[in-house]
Every structure is written in structure tokens, then in C-alpha cells.
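Residue numbers start at 1 and run along the sequence shown. Quick caveat, the model's predicted, so the values are computed rather than measured.
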Amino acid sequence: MMPPLVVIPARLASTRLPGKPLADIAGRPMILHVLDAARKADIGPVVVAAAETEICDAVTSNGGTAVLTNPDLPSGSDRVWQALQTLDPEGRYDTIINLQGDLPTLEPSSLHSVLTVMSNPAFDIGTLVAPITSEDEKSASSVVKVACHFEPQAEQTSALYFSRQPIPWGDGAFWHHIGIYAWRRAALARFVQLPPSGLEKRESLEQLRALENGMRIGCARIAIAPFGVDTPLDLERARRLLGAKRP
């Protein structure tokens, strides 16, 4: 059986933090910290799907593999799919992991966790969740919440909905969605051909397109959500966490 292919989509044109894949953290571009974590997971080949040559150069000059993709693609999923056409036109890889390039504190074991969902044929897509541990995290619109329920001792469950609002109502655990996906190749092929859905546009969450079109998303839980970098304040926090000095 072929191992999964790990693809890290990255582009410089971030709205809230332009140039973030190349932002310096502990003396190295952020994209290289994510690449290091993916390599340490040792679950399969790792490639960066880059929108710009500058990202490709940073990756390849550090011994990584990068594929240049159309900078005008609308989403990371589209970038992953386009890179896959270049890397694997024969369709050898049946499982593709889409790893966000803004998770410099990612634990390599997280990639093993998301891959476990793929052992259940009922799921088209796997993703990760972690417990929400504070009211600030629960109320922040930047933290995507998942309506899901884990039975005692269960490590996997179905995602019923995703929102930037705290869901579901009532007492019980709240789950922080982590933007890492394991795709069955056929599901990704179908997904990128679908138009943006109504709830996707309303919530600005592309995974809702999959749910609205009948795809099943399985969640695996991990203990702590990796810290994502989306704003200048996030970047400063990442630099502190990784012992970086301002460049």
C-alpha cells in the first residue's frame, strides 16, 4: 500500500499577514518549521505547493521538494489538487494530507492522528479537533468550532457542522477544529469541482462545501491544538514560543 502524500499549500498573499510563509521564526522561514514537522512524522513524502517562486526557493534550498502552482487559485485545497496533478498524474497516491503552512508549533504525531480516520471507509475526509479550554478560545471567531460528540473512550467521530460561533448549545465539551485534512483522492477530486456552497460562503469555511454535498468528515481528537499564525500578534507569539528574536 502506498503511503500518504503530505502536501503543504503556501502563498505569500495572506490578507492579514502578507508574506507569512517566509516570516522569520527562530532564524528560519515559518514554512520550514512546518516542513520539518511533516518530515519528522515520517508517514510519507512531503511537498510544498507554493504560489510563488520565493517559497519554492526557500524550500528547495533547504533540501525540500516544492511545486509551483497558479497564484490565483482560490483555496489551499485547489493548490493541493493542482500540485498533485504535477507530482502524481498516474494516481498512485490514494490518501493526501493537506497540512496548513501556518502551524509552526505542530507536533509530528498529529499527522499520525489524522491518518487514523482513513481506516474507516465511512469517511471521505479526516480532520483533527482538540478540546477548547477557555472562554476566550470558545468565543473567538478565528477559532473554528466543530459540532461533534465523542462517546467515552472513542478516538473518532463524525463532524456534523463547523462554525465560527460556539456550537453546539448546552453543557458539554467544545471542540477546536485544526485545519489539517486527510483526503481520499476521489473525494478531493470531487470537492475541487464543486462550486462554493451557501453555508461555506456564509461562514467562510470551505469544509462546509463537503458537508453540504453529502461528504462525511471524520474527526480524530488530540490533546492540544497547535498554534496557528494568522496575524502579526500571532507571529510575535510564535517567535516567543520558539525562542526567536525579531529579524
Side-chain angles (χ1 to χ4, degrees), residues 3-11 14 16-17 19-50 55 58-59 62-66 75-77 79-80 83 95-118 125-133 137 140 142-146 155-156 159 162 175-183 206-207 217-231 233-244:
L5 178 67
V6 182
V7 186
I8 308 170
R11 67 187 185 106
S14 169
R16 286 183 282 188
L17 186 61
K20 72 177 178 178
L22 301 182
D24 185 285
I25 300 175
R28 306 183 77 215
M30 178 164 58
I31 191 67
L32 296 186
H33 290 278
V34 181
L35 182 63
D36 287 347
R39 286 167 161 173
K40 288 175 183 175
D42 194 28
I43 60 172
V46 182
V47 63
V48 174
I55 299 173
V59 171
N62 283 272
T65 301
S75 74
S77 300
R79 200 167 306 288
V80 169
T95 301
I96 297 91
I97 293 179
N98 178 345
L99 171 58
Q100 303 303 317
D102 58 2
L103 298 173
T105 64
L106 177 77
E107 288 292 334
S109 60
S110 297
L111 297 186
H112 291 270
S113 296
V114 75
L115 193 57
T116 64
V117 180
M118 295 291 93
I125 306 163
T127 195
L128 294 176
V129 298
I132 287 177
T133 58
E137 185 181 9
S142 59
V143 174
V144 178
K145 275 69 70 172
V146 189
E155 294 301 321
Q156 299 176 14
F162 297 81
W175 297 97
H176 180 151
H177 179 236
I178 299 154
I180 300 171
Y181 298 95
W183 289 90
E206 68 172 352
Q207 60 269 43
I217 301 176
C219 301
R221 55 180 170 178
I222 60 176
I224 301 173
F227 174 63
V229 174
D230 201 38
T231 67
L233 287 176
D234 293 338
L235 180 58
E236 290 304 314
R237 180 183 171 192
R239 287 170 172 162
R240 290 194 300 270
L241 287 172
L242 295 173

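Here the closest non-hydrogen pair linking Met118 and Ala182 is CE-O, 3.6 Å. Nearest heavy-atom pair, Leu103 versus Gly228, reported as atom, atom and distance to 0.1 Å: CD2-CA, 3.7 Å. Considering every non-hydrogen atom in both Leu111 and Ala41, the closest pair reads CD1-CB, 3.9 Å. Looking at every heavy atom in both residues, Ala130 comes nearest to Ala225 through CB-N, 3.5 Å. Smallest separation of non-hydrogen atoms from Gly63 and Arg39: O-NH2, 2.8 Å. Contact between Val146 and Cys219 at its shortest, heavy atoms only, is CG1-SG, 4.1 Å.
For the atom pair CH2 of Trp175 and CD1 of Ile132, the computed distance is 9.5 Å after rounding to the nearest 0.5 Å. Atom CD1 of Ile222 sits about 11.5 Å away from atom CD of Glu155, to the nearest 0.5 Å. Going from atom CD1 of Ile55 over to atom CG of Leu22 covers 5.5 Å, rounded to the nearest 0.5 Å. Between the CZ atom in Arg11 and the OG atom in Ser75 there is a gap of 9.5 Å [rounded to 0.5 Å]. Annotation: the span from Ile180 atom CD1 to Leu106 atom CG amounts to 5.0 Å, rounded to 0.5 Å. In this structure, Leu35 CG and Met30 CE are separated by 13.0 Å, a value rounded to the nearest 0.5 Å.
Of the possible donor and acceptor atoms, one in the side chain of Thr105 sits under 3.5 Å from a partner among the backbone N and O of Phe227. Within the 3.5 Å criterion, the main-chain N or O of Ile25 finds a donor-acceptor partner in the side chain of His33. Not a single donor-acceptor pair under 3.5 Å links the side chain of Thr127 to the backbone N or O of Gly179. Here the side chain of Lys20 pairs a donor or acceptor atom with the backbone of Val229 at under 3.5 angstrom. A donor-acceptor contact shorter than 3.5 Å is absent between the side chain of Gln156 and the backbone of Gly218.
Taking the side chain as every heavy atom from C-beta outward, Ser142 and Asp230 never approach each other to under 4.5 Å. Here the side chains of Ile178 and Ser110 are not in contact, with every heavy-atom distance at 4.5 Å or above. Using a 4.5 Å heavy-atom threshold, the side chains of Phe162 and Ile217 count as touching. Counting heavy atoms from C-beta outward, Tyr181 and Ser77 have side chains that stay 4.5 Å or more apart. Between Leu17 and Asp234 there is no side-chain heavy-atom pair separated by less than 4.5 Å. Side-chain contact between Thr65 and Pro45 is absent, with no heavy atoms from C-beta onward closer than 4.5 Å. Looking at heavy atoms from C-beta onward, Ile43 lies out of side-chain contact with Pro3 at the 4.5 angstrom threshold.
Between Asp24 and Arg239, none of the side-chain N atoms (NZ, or NE/NH1/NH2) sits under 4.0 Å from a carboxylate O, so this pair counts as no salt bridge. A salt bridge links Arg28 to Asp36: at least one charged side-chain nitrogen sits closer than 4.0 Å to a carboxylate oxygen.
The one candidate from Ile8, Val114, Val48 that meets the side chain to side chain contact (heavy atoms under 4.5 Å, CB included) condition with Leu99 is Ile8.
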